[in-house]
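So that the names make sense, note that chain A is the first sequence line, chain B the second, and so on, each numbered from 1.
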Amino acid sequence: GAVVSQHPSWVICKSGTSVKIECRSLDFQATTMFWYRQFPKQSLMLMATSNEGSKATYEQGVEKDKFLINHASLTLSTLTVTSAHPEDSSFYICSATGTGGAYTQYFGPGTRLTVL
Amino acid sequence: GDSVTQMEGPVTLSEEAFLTINCTYTATGYPSLFWYVQYPGEGLQLLLKATKADDKGSNKGFEATYRKETTSFHLEKGSVQVSDSAVYFCALTPGTSYGKLTFGQGTILTVHP
């Protein structure tokens with residue numbers, strides 16, 4: 001149980017285009033979803049926290065106009081990287097918490113974004 | 001701010017060897033501490049956790065004890081298996097920010113038969 005999926009698993013796009021990444025909780029309702037970014041050989045860095053039906057809370061230094069997060073339902077959150085540039089290339093990982101509380105954070109497999 | 005430091009990897013062991021992965025942290029208040037594991041091609045999974053000083057988390061033969069005096073949460077396993085090959089992340093949540101995880105950089109473990 002408690003499976004989180006991400007789509008796509010990898011994407012390549014041209015500089016200046018926008019890319020949308022989906023995060024779905026498949027068998028539970030996710031009251032809160034988190035988006036992380038991971039650079040090669042580095043740890044995961046929290047980008048933002050989203051609660052269903054409300055605006056996301058972004059971490060310091062994360063541009064909210066560049067990384068648009070929508071948590072429209074209890075099973076889906078999306079991250080849109082707008083006007084992507086090569087420096088946005090990274091591994092993006094989402095996680096979700098349900099009724100088990102925030103200690104029980106279920107992670108998606110991640111999405112590899114490469115911006116040319 | 002809060003931070004987590006893990007021992008540098010990668011770590012390569014033979015099957016049935018003893019494993020220790022060191023983790024130390026810096027945080028205000030009383031954080032909760034976690035070990036996550038990421039198997040190849042999969043998402044991170046919670047391996048074990050401890051929420052207060054001297055607590056010992058354990059799962060699948062892995063153990064870690066919350067040591068407030070040394071601000072450490074070292075991961076140990078007495079006899080590793082090939083199937084334990086994965087990336088291990090130490091993490092914490094501050095006592096006042098429920099759910100916001102701060103991760104260490106991860107340690108790659110490879111176990112050979």
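A heavy-atom distance below 4.5 Å is found between the side chains of A:Phe107 and B:Leu101. When side chains are defined from C-beta on, B:Phe34 does not count as touching A:Gln105, because their heavy atoms never get closer than 4.5 Å.
Within residues 105-113 of chain B, the residues having any heavy atom closer than 4.5 Å to a heavy atom of chain A are B:Gln105, listed by residue number. Residues of residues 11-23 of chain B lying under 4.5 angstrom from chain A, judged on non-hydrogen atoms, do not exist here.
Counting non-hydrogen atoms of other residues, nucleotides and ligands closer than 6.0 Å to CE of B:Met7 gives a total above 12. Other residues, nucleotides and ligands place more than 12 heavy atoms under 6.0 Å from the NZ atom of A:Lys66. Taking a 6.0 Å sphere around CD of A:Glu87, one finds it holds more than 12 heavy atoms contributed by other residues, nucleotides or ligands.
Linking ILVMFWY residues whenever their side-chain heavy atoms come closer than 4.5 Å, directly or via other members, places A:Phe67 and A:Trp35 in the same cluster. Connection of A:Val11 to A:Leu79 is established within a shared hydrophobic cluster, with ILVMFWY side chains joined at heavy-atom distances below 4.5 Å, either directly or through further cluster members. Two different hydrophobic clusters hold B:Val87 and A:Tyr92 under the rule that ILVMFWY side chains link at heavy-atom gaps under 4.5 Å. B:Leu48 and B:Tyr25 fall within the same hydrophobic cluster, defined by Ile, Leu, Val, Met, Phe, Trp and Tyr side-chain heavy atoms under 4.5 Å apart, directly or through other members. Linking Ile, Leu, Val, Met, Phe, Trp and Tyr whenever their side-chain heavy atoms come within less than 4.5 Å puts B:Phe103 and A:Leu46 in one cluster.
Annotation: side chain to side chain donor-acceptor pair (under 3.5 Å) contacts of B:Asp55 (sequence neighbours excluded): B:Lys52.
Applying the side chain to side chain donor-acceptor pair (under 3.5 Å) rule to pairs touching residues 59-69 of chain B yields nothing, sequence neighbours excluded.
The two atoms that bring B:Gly104 and A:Ser43 nearest to each other are O-CB, 2.6 Å, heavy atoms only.
For A:Gln6, no part sits under 4.5 Å from any heavy atom of chain B, backbone or side chain.
Atom-to-atom distance recorded for A:Leu44:CG and B:Tyr36:OH is 10.5 Å, nearest 0.5 angstrom.
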